[in-house]
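Keep in mind that the numbers below use all heavy atoms, side chains included, and drop hydrogens, waters and symmetry copies. The structure displayed is predicted, hence computed values, not measured ones.
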Amino acid sequence: MNLVIIIPYLETMSPGQIEMAHSIKELASPDVKGVFCGPEISTNDNFNTDYFMYMADPKRGLDGIILKGLFEYDADYIWFFGDDYITPESLGRLYEHLLSCPEKLPLLLSTMSVKNTDNLSGLQSEMLSLEPETLNGNSAFLRYADELGYISRVIYVPGSIRQHKEKLSSFMGTNWVCLAAIFMLLFPQNSSAKITDMHNITVFGIERDQSQKHWYGYETFLYGIFEVINQLISWQFSFSSSSVNSVSRQIIWRALKARIVQRQEGISHGYANDWDFDRLKLLLYTTHFWFIFSVYHIDFPLRIIASLKRWKRLFL
């Protein structure tokens, strides 16, 4: 078993990525290598060549890093670790699981969003009592919707992906859509592909300052995912229509909630921008589209609920 952990970053590594690098160093296993893709840091003595490598940035955004990593490294498992955090003992737990795993499976990691790391220990203790859960086919596809947008949440098996290189390359330049395409290629309806949800491994994200723009765009999240689904269906990948609808509803609901919060904060970019309903109408069932259209334009119930939650968080 060997695991490559690719750490893509912009100008500097995030605090969570630095913690991951230290976890790799402390594990000190020849089977686990860290790969940095960003500004040159090979002179940093803390990350020596024993357990770390450097990958030149392909200059094609996050998609370029993902595709290059998947097809360049001869590893059993590849993990792209974004700007989230991992609890220190989690890498060791993952390592032990991979060593004992009878077959190579793409893995999903348990993820939490926490505003304050003081709350993490209590939340994590609840997860430790849960055993890994294996899903396949349609169940795996439905489970996927909750992982969308969390680059750190999935560990891939390159051997199961490489046959789809040409199809994946067609999604270059779409950031999260590339990740969606990878996952959806693996788990169409009735597929024998499996995922293992590792409940006892904690990857978590501190909620970002939404006033800041990031390296991904909401357009690719909101429209691109549905375009990927339609493209894969046209390639004869079989998806249950009810499952596609379920995933679509979850994506749209998250987008609507994010838009409400951003509007309350006076943010004008991201989900708070005007949505392209002409583009969206082509991608959704008519009833779903008009429901979303109505909620988007008559959103005062959601704004009231969001205000109450904000009030409770601030004063209770």
Side-chain angles (χ1 to χ4, degrees), residues 63 108 135-150 153-154 164 167-168 170-191 193 195 210 216-264 267-309:
D63 286 356
L108 274 67
L135 305 170
N136 59 19
N138 197 48
S139 298
F141 176 69
L142 287 172
R143 182 71 178 85
Y144 165 71
D146 192 43
E147 328 309 325
L148 188 61
Y150 297 95
R153 198 163 183 174
V154 181
H164 302 299
K167 287 183 172 62
L168 289 174
S170 70
F171 294 110
M172 281 291 295
T174 52
N175 286 339
W176 281 341
V177 178
C178 177
L179 291 172
I182 292 171
F183 206 97
M184 291 177 184
L185 281 166
L186 290 175
F187 303 110
Q189 171 74 348
N190 300 320
S191 170
I195 59 174
Q210 294 296 325
Y216 42 79
Y218 88 103
E219 294 90 350
T220 61
F221 178 80
L222 185 58
Y223 314 115
I225 302 304
F226 305 125
E227 291 170 346
V228 167
I229 293 174
N230 290 340
Q231 182 64 64
L232 293 179
I233 290 174
S234 74
W235 288 339
Q236 308 305 312
F237 282 85
S238 175
F239 292 93
S240 160
S241 58
S242 62
S243 298
V244 170
N245 290 339
S246 175
V247 170
S248 300
R249 285 194 299 269
Q250 292 180 64
I251 293 169
I252 288 290
W253 181 239
R254 286 176 57 186
L256 285 170
K257 289 192 293 184
R259 179 175 178 272
I260 293 297
V261 173
Q262 289 187 342
R263 287 186 65 196
Q264 290 185 316
I267 298 169
S268 59
H269 64 268
Y271 291 103
N273 274 350
D274 291 333
W275 289 13
D276 187 346
F277 282 101
D278 289 337
R279 183 179 178 187
L280 200 56
K281 189 175 183 179
L282 300 174
L283 303 170
L284 301 173
Y285 281 94
T286 302
T287 53
H288 292 162
F289 171 79
W290 287 114
F291 172 77
I292 293 162
F293 184 88
S294 301
V295 173
Y296 178 92
H297 288 95
I298 309 173
D299 62 2
F300 65 88
L302 284 179
R303 283 190 278 121
I304 292 172
I305 294 171
S307 297
L308 290 173
K309 287 186 175 181

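- The CZ atom of R263 lies 4.5 Å from the CG atom of D299; values are rounded to the nearest 0.5 Å.
- Side-chain atoms of Q262 come within 3.5 Å of backbone atoms of Y271 as a donor-acceptor pair (strictly under, hydrogens ignored).
- When side chains are defined from C-beta on, L256 counts as touching I252, because their heavy atoms get closer than 4.5 Å.
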Donor-acceptor pairs under 3.5 angstrom involving side-chain atoms of residues 290-297: please list them, not counting sequence neighbours.
from : atom 1 : to   : atom 2 : distance (Å)
S294 : OG     : W290 : O      : 2.8
Y296 : OH     : W275 : N      : 3.3
H297 : ND1    : F293 : O      : 3.0

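- Contacts of R249 classified as side chain to side chain contact (heavy atoms under 4.5 Å, CB included), with partners at least two apart in sequence or in another chain: N245, S246, H288.
- The two atoms that bring Q264 and A306 nearest to each other are OE1-CB, 3.5 Å, heavy atoms only.
- How far CD1 of I260 is from CD1 of I304: 10.5 Å, rounded to the nearest 0.5 Å.
- Of the residues L280, D276, L282, the one that meets the side chain to side chain contact (heavy atoms under 4.5 Å, CB included) test with D278 is D276.
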